[in-house]
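Contents: one structure, followed by commentary.
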Amino acid sequence: MTNRRVTPSQTPVRRAAGLLAGLALGAALLAGCSSEGAATDCGLNACTVTFDRGVDASATILGVEAKLVGAQGDQVTVEVAGEQLSLTVGQQATEVGGFQVSLDSVTDQQVVLRVAHDRNG
């Protein structure tokens, strides 16, 4: 058996690094997000998904898949929880599969979608 001596100055650094790594992993698992051609920003009850236009973009958020089907002008077609929706910027959120889905913005490069748990459903 080999005894190693750990200097006290290294122990807090290692603990802090381990804590940060654990927190990052926990946040990723808690959000349950994954994406392709999209970026996600999730909290406990809602996610904002930024889709890249011109690519096959999708994201799995809050246990459902969201896909960008198409975009023309300020109108976007998305598929959330297996249902297609046509959304316009500024339109009131649409309920689908226990979620409220709204379109935050549309540019030539990106489409920003907000998906939140439906508090009434």
Side-chain angles (χ1 to χ4, degrees):
M1 181 169 164
T2 304
N3 290 328
R4 292 186 182 169
R5 183 177 166 147
V6 177
T7 60
S9 63
Q10 289 180 347
T11 302
V13 172
R14 287 184 183 168
R15 284 185 189 159
L19 179 62
L20 290 175
L23 288 173
L25 178 61
L29 292 174
L30 180 63
C33 299
S34 66
S35 63
E36 185 172 316
T40 59
D41 181 14
C42 293
L44 290 175
N45 295 312
C47 288
T48 300
V49 183
T50 303
F51 293 108
D52 295 332
R53 288 183 68 169
V55 299
D56 189 20
S58 66
T60 301
I61 50 164
L62 304 171
V64 297
E65 184 173 28
K67 294 181 185 178
L68 177 60
V69 176
Q72 187 169 6
D74 67 345
Q75 187 169 10
V76 173
T77 303
V78 295
E79 184 177 305
V80 177
E83 294 189 41
Q84 280 199 5
L85 307 167
S86 275
L87 302 171
T88 306
V89 175
Q91 171 185 339
Q92 186 172 347
T94 301
E95 191 279 327
V96 59
F99 294 92
Q100 291 289 322
V101 182
S102 59
L103 183 61
D104 283 355
S105 66
V106 179
T107 67
D108 291 342
Q109 287 91 27
Q110 297 179 327
V111 172
V112 181
L113 187 71
R114 179 168 168 31
V115 180
H117 280 288
D118 186 359
R119 294 180 193 160
N120 300 322

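None of the values given here were measured: they were computed from a predicted structure. Hydrogens, waters and symmetry mates are skipped; everything else that's a heavy atom, side chains included, is used.
Expressed to the nearest 0.5 Å, how far OG1 of Thr50 lies from CD of Gln109 amounts to 12.5 Å. Note that NE2 of His117 is 9.0 Å distant from CG of Leu44, once rounded to the nearest 0.5 Å. Distance check, rounded to the nearest 0.5 Å: OG1 of Thr48 to CG of Leu113 gives 8.5 Å.
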Please output the side-chain donor-acceptor pairs of residues 70-79 that fall under 3.5 Å, not counting sequence neighbours, one pair per line with the distance.
none

Taking distance alone, no hydrogens or angles, what donor-acceptor pairs closer than 3.5 Å link side-chain atoms of residues 84-95 to residues at least two apart or in another chain?
unit_1	atom_1	unit_2	atom_2	d
Gln91	OE1	Thr88	N	2.9
Gln91	NE2	Thr94	OG1	3.3
Glu95	OE2	Gly98	N	2.9

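Residue Val80 is grouped with residue Val49 when hydrophobic side chains (ILVMFWY) are merged at heavy-atom distances under 4.5 angstrom, including chains of intermediate members.
Here the closest heavy-atom approach between residue Thr40 and residue Ala59 is recorded as CG2-CB, 3.8 Å. Looking at every heavy atom in both residues, Ala116 comes nearest to Ala46 through CB-CB, 3.8 Å. What you find for Glu83 and Gly97 is that their closest heavy atoms are OE2-N, 4.5 Å.
Under the rule for a side-chain contact (heavy atoms from CB on, under 4.5 Å), the partners of Ala81 that lie at least two apart in sequence or sit in another chain are Val64.
The backbone N or O of Val111 sits nowhere less than 3.5 Å from a side-chain atom of Arg53 that would complete a donor-acceptor pair.
Annotation: side chain of Leu62 is in contact with side chain of Cys47 (closest heavy-atom distance under 4.5 Å).
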Problem - Chi angles and distances behind the side-chain contact (heavy atoms from CB on, under 4.5 Å) call for Phe51, Gln110 - result: CA-CA 5 Å; Phe51 293 108; Gln110 297 179 327; over 6 Å; no
